[in-house]
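Order of the sequence lines fixes the chain letters, A, B, ..., with proteins taken first and strands second; residue numbering starts at 1 for each chain.
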Amino acid sequence: MVEPHPSGPEADGEAVDEYTEEVLSVVERIPPGRVMSYGDIAEYVGRGGPRQVGSVMSRWGGGVPWWRVVRADGRPAEGHLVRARSHYAAEATPMRPGSDRVDMREARWDGGSED
DNA sequence: ATAATGACGTCGG
DNA sequence: TCCGACGCCATTA
């Protein structure tokens with residue numbers, strides 16, 4: 001969905017391309033307590049790869065629920081672990097016991113219905 | 001045109 | 001389960 005003027009996550013003053021908007025819109029739809037991997041998002045969007053999604057998140061992730069985007073093994077982006085943890089606790093995201101990794105089997109969201 | 005880079009993923013040891 | 005090597009894909013240098 002392309003907004004005519006900045007009012008969403010891209011309200012930073014700069015224009016974003018279509019791919020970026022699409023990735024961000026998917027991230028925004030991930031329900032609380034659920035996650036998607038970079039690869040999942042790339043596949044869902046249908047172009048680019050995990051690294052492209054990573055680039056988008058690095059540049060624009062600040063305006064969306066970035067902690068709901070994790071690596072395929074369930075670990076949040078390196079350097080964001082501490083902040084991500086508090087969000088997981090607040091949303092009761094399923095975690096693997098005794099680790100900082102999300103339980104992908106439980107928390108992975110396919111983009112379909114919210115459950 | 002070639003090489004390096006990056007909020008990644010998969011495979012083998 | 002942990003780790004390193006290699007693969008991927010678009011962007012930048």
Are more than 12 heavy atoms from other residues, nucleotides or ligands located less than 6.0 Å from atom CZ of A:Arg85?
yes
Are the side chains of A:Tyr38 and A:Met57 in touch, meaning some heavy atoms are under 4.5 Å apart?
yes
Applying side chain to side chain contact (heavy atoms under 4.5 Å, CB included) between A:Ile41 and each of A:Met36, A:Glu22, A:Gln52, report the one that passes.
A:Met36
Its contact letters, B for base, S for sugar-phosphate only and - for none at protein heavy atoms under 4.0 Å, make nucleotides 8-13 of chain B read BSS---
Pull out every residue in residues 90-104 of chain A that has a heavy atom closer than 4.0 Å to any atom of DNA chain B, ordered by number, or say none.
none
For A:Ser37, check side-chain hydrogen bond (donor to acceptor under 3.5 Å, both in side chains) against everything at least two apart and list the hits.
A:Asp40
When we call it a touch if two heavy atoms are under 4.0 Å apart, what does A:Ser55 touch: a base, just sugar-phosphate, or nothing?
nothing
Can you measure from OG (A:Ser25) to CD (A:Glu18) and round to the nearest 0.5 angstrom?
10.5 Å
Can you name the residues that form a ring pair (Phe, Tyr, Trp, His ring centres under 6.0 Å) with A:Trp66, not counting sequence neighbours?
A:His80, A:His87
Between A:Trp67 and A:Glu91, is there a side-chain donor-acceptor contact under 3.5 Å, judged purely by atom types and distance?
yes
Counted 5' to 3', the first and last nucleotides of DNA chain C within 4.0 Å (strictly under) of a heavy-atom of chain A are C:dT1 to C:dA10
Cut-off 3.5 Å, side chains only: do A:Arg29 and A:Tyr44 have a donor facing an acceptor?
yes
Check this for me: A:Arg47, atom CZ, are more than 12 non-hydrogen atoms of other residues, nucleotides or ligands nearer than 6.0 Å?
yes
Who pairs with A:Ala107 by side-chain contact (heavy atoms from CB on, under 4.5 Å), at least two apart in sequence or on another chain?
A:Val35, A:Thr93, A:Pro94, A:Val102
